[in-house]
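Following: one structure in structure tokens, then a few remarks.
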Amino acid sequence: MSSPVIKAVFGPGGELARRLDRYKPRDGQIRMATCVDEILDKPGVLLVEAGTGVGKTFAYLVPLLARELRVLVSTSTKALQDQLFTKDLPFVFALLHQKPDFMVLKGFGNYLCLHKYESLCEECGYKSGQTEIKGMEEARGDPQKRALCRRVEKLIKHEQERFKRGEPIGTFCDLSLSFSADERKDLTCSSEECQSCFKRNCEHAALDCYPRLARQQAARARVVVVNHQLLFCSLAIENLTEPCHIPGLLPHPQVIVLDEAHDLPEQGRKFMARHAGEETIKAIERGLTQLLDSGTLEVSREVALAPCRQCLTAYTALASYLYDRHDRHDRHDRDRKNHDAREDCQISFMQAFFSDYRASPAAKTWQSCHKRDGRFLELFDKLMTALQNLNNQLTDFYERDANAIDGLLKQAEQHIEVLEDLCKLARRLEREDGCFFLPENSQGAAPAAPVRPELGLVSFTRKQCTFTLQPLEIDHAFREFAANCALYGMPLVLTSATLTAGGGSFAKIRRDLGLVTSREQMAGFQAAGLQRTGSQKTGSQRAGSQAAGPQRTALKAAGSQRAGAQADAFTVRECLVASPFDYPRNALRWILPNPPV
């Protein structure tokens with residue numbers, strides 16, 4: 001698309017001026033649209049900060065849709081998703097005289113699983129078309145579940161009518177629109193569970209599986225809108241090995257737009273985290289129960305489910321101990337502040353690993369003010385033993401029926417891996433002084449804390465607990481994603497109203513996302529005030545520099561070469577567009593920086 005087309009849409013007397021009353025051309029919007037158009041000719045990464053009132057959504061949609069490209073748009077908030085779906089996308093398609101072809105795609109946990117719905121109907125004795133009669137005592141099962149089944153049946157009929165009418169955009173029984181989170185637990189499945197069903201030749205997998213129908217339409221749609229959570233979850237599942245072929249989202253998008261990109265680092269850390277908790281064990285237990293009910297597993301129910309129940313018992317014992325211990329630590333402050341006991345708590349794994357995790361200022365070394373919690377380690381060891389028994393049992397079942405057990409076995413192995421990595425992290429931190437308590441050196445200054453690749457967390461209530469390993473940095477992973485996108489010629493557009501910090505510099509967001517290219521391209525950073533010296537390194541290089549020994553040195557050199565190759569694999573362009581609003585003149589309220597006391 002040429003710049004005359006942009007002027008024909010955004011310029012004076014253009015399409016927007018004819019369709020919108022009181023429309024005034026904005027130089028910032030035209031400039032952003034031009035930058036987006038240019039990145040399509042020379043694929044790379046485009047960072048755009050467009051202040052409030054610029055109209056950034058139209059600025060990136062018009063160039064992309066005018067070229068009839070397949071686009072994946074990722075947002076951070078539901079509000080922007082709704083705005084794109086209900087207002088912006090229909091308007092821009094009409095503006096360009098094109099047939100609307102877009103949809104909003106959500107995670108597997110939002111769509112009805114017909115297999116689970118049929119199991120729920122069988123469990124509560126609900127039959128299609130059944131009406132609840134007051135005082136009916138012979139009906140078995142929970143009446144609330146029967147009422148839930150009745151609501152789902154109405155939703156299915158509504159969806160079928162939509163398909164018969166030929167409506168191009170269906171919700172595919174999106175339960176998030178009218179069902180609570182607790183109700184969705186019994187009616188939806190995760191991507192791992194759906195994959196297991198597919199391997200077990202589920203009767204709905206090939207024809208009317210709603211999560212898969214939604215993804216099939218996404219593969220055909222020109223524009224697919226998702227959120228950052230779903231994007232990062234999908235990338236985490238595939239380890240970012242093939243980000244240009246995003247599984248379950250859009251098979252071959254030609255361009256990716258990350259709107260509200262300022263939230264990417266936080267969302268990436270959150271949704272690239274690894275979890276181990278009771279929910280995974282319960283999911284494995286449900287999967288085994290389904291295999292027992294279908295006759296796939298020829299073993300007694302008690303024997304098959306015993307390891308799962310041992311794991312759940314171990315988790316409950318851990319949660320109860322942590323809750324009581326945390327309650328004892330917290331009771332004094334709670335009584336003093338007259339607060340009630342919290343039902344849910346979250347602490348670092350190191351706080352669970354050690355009985356006294358509050359460092360003493362008088363301590364000379366970190367180890368001298370910490371003592372391992374023997375009771376926690378005893379309960380944790382019991383949990384690991386139970387998980388290993390479960391893994392051994394699933395391995396035995398896998399030899400009998402690989403397709404049926406594959407997904408469950410992977411869940412168990414990943415579960416154990418998270419807990420083992422947590423233990424390795426705790427022991428490594430224990431060996432190194434200055435990890436949590438930083439004693440002063442002879443000059444009175446605290447030594448620099450080493451950078452940690454992951455943070456261990458424990459969330460618990462009185463009866464449940466979940467362990468989490470959350471990455472502190474996503475720069476290396478996102479840089480690999482950007483490099484692979486460039487390898488396949490896929491432009492990547494990141495935009496937000498708040499991408500820069502400190503005088504209009506993109507330095508921070510580029511560091512957080514690993515969008516650091518060659519030294520020639522770093523000249524813009526230095527001009528903006530970011531001083532980079534030879535001692536400053538990327539996240540992967542910092543981690544490698546802490547290791548000792550020839551093997552780690554070789555790994556560090558290999559990582560540096562790989563990072564350099566990725567850095568040169570793509571270019572980063574920047575576009576800073578100020579808001580057209582005159583805030584000093586139009587402000588309704590002023591807040592003084594130093595109000596009088």
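Of the possible donor and acceptor atoms, one in the side chain of Q351 sits under 3.5 Å from a partner among the backbone N and O of S348. Proximity of a side-chain donor or acceptor of Y111 to a complementary backbone N or O of C189 within less than 3.5 Å is not detected. When atom types are taken as modelled, the side chain of T188 and the backbone of R184 share a donor-acceptor pair closer than 3.5 angstrom. The backbone N or O of A507 sits less than 3.5 Å from a side-chain atom of S505, completing a donor-acceptor pair. R31 places a side-chain N or O within 3.5 Å of a backbone atom of L576 that can act as its donor or acceptor partner. Remark: side-chain polar atoms of E266 are not paired, donor with acceptor, to backbone N or O of D263 under 3.5 angstrom. A side-chain donor-acceptor contact under 3.5 Å links Q254 to the backbone of R70. When atom types are taken as modelled, the side chain of E49 and the backbone of T500 share a donor-acceptor pair closer than 3.5 angstrom.
Evaluation of the side chain to side chain contact (heavy atoms under 4.5 Å, CB included) rule for I39 yields L46, P491, V493, R573 as partners, not counting sequence neighbours. Listed by chain and residue number, nothing satisfies the salt bridge (Lys or Arg N to Asp or Glu O under 4.0 Å) test with D27 (two or more places apart in sequence, or in another chain). E260 is linked by a salt bridge (Lys or Arg N to Asp or Glu O under 4.0 Å) to nothing, counting only residues two or more places apart in sequence or in another chain. For the salt bridge (Lys or Arg N to Asp or Glu O under 4.0 Å) test, no residue two or more places apart in sequence or in another chain qualifies with E38. Considering only residues two or more places apart in sequence or on other chains, D88 meets the salt bridge (Lys or Arg N to Asp or Glu O under 4.0 Å) condition with none of them.
For the 3.5 Å distance criterion, the side chains of R222 and Q98 qualify, holding a donor opposite an acceptor. There is a side-chain donor-acceptor pair under 3.5 Å between H228 and S74.
The minimum heavy-atom distance linking Q81 with V104 is given by the pair NE2-CG1, 4.1 Å. Of all heavy-atom pairs between P265 and I474, the closest is CA-CD1, 3.8 Å. Taking each heavy atom of L230 and K106 in turn, the nearest pair found is CD2-C, 3.6 Å.
For NZ of K116, the number of neighbouring non-hydrogen atoms (other residues, nucleotides, ligands) closer than 6.0 Å is greater than 12.
Using a 4.5 Å heavy-atom cutoff, the side chains of L264 and L258 are in contact.
Checked for salt-bridge contact, R67 and D37 meet the test: a charged N lies under 4.0 Å from a carboxylate O. Using a cut-off of 4.0 Å between Lys/Arg side-chain N and Asp/Glu carboxylate O, R19 and E15 are scored as salt-bridged.
A cation-pi arrangement is found for R151 relative to F179, the charged atom lying closer than 6.0 Å to the ring centre and inside a 45° cone about the ring normal.
Here salt bridge (charged side-chain N to carboxylate O under 4.0 Å, His left out) pairs that include residues 51-60, with residues two or more places apart or in two chains, are K56-D259.
Across V225, T57, V71, a single residue satisfies side-chain contact (heavy atoms from CB on, under 4.5 Å) together with L89, and that is V225.
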Fill in: Test log, rule salt bridge (Lys or Arg N to Asp or Glu O under 4.0 Å), inputs E473 and R269
CA-CA 7 Å; E473 298 176 343; R269 286 189 290 268; over 6 Å; no
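The aromatic ring centres of F58 and F10 sit 6.0 Å or more apart.
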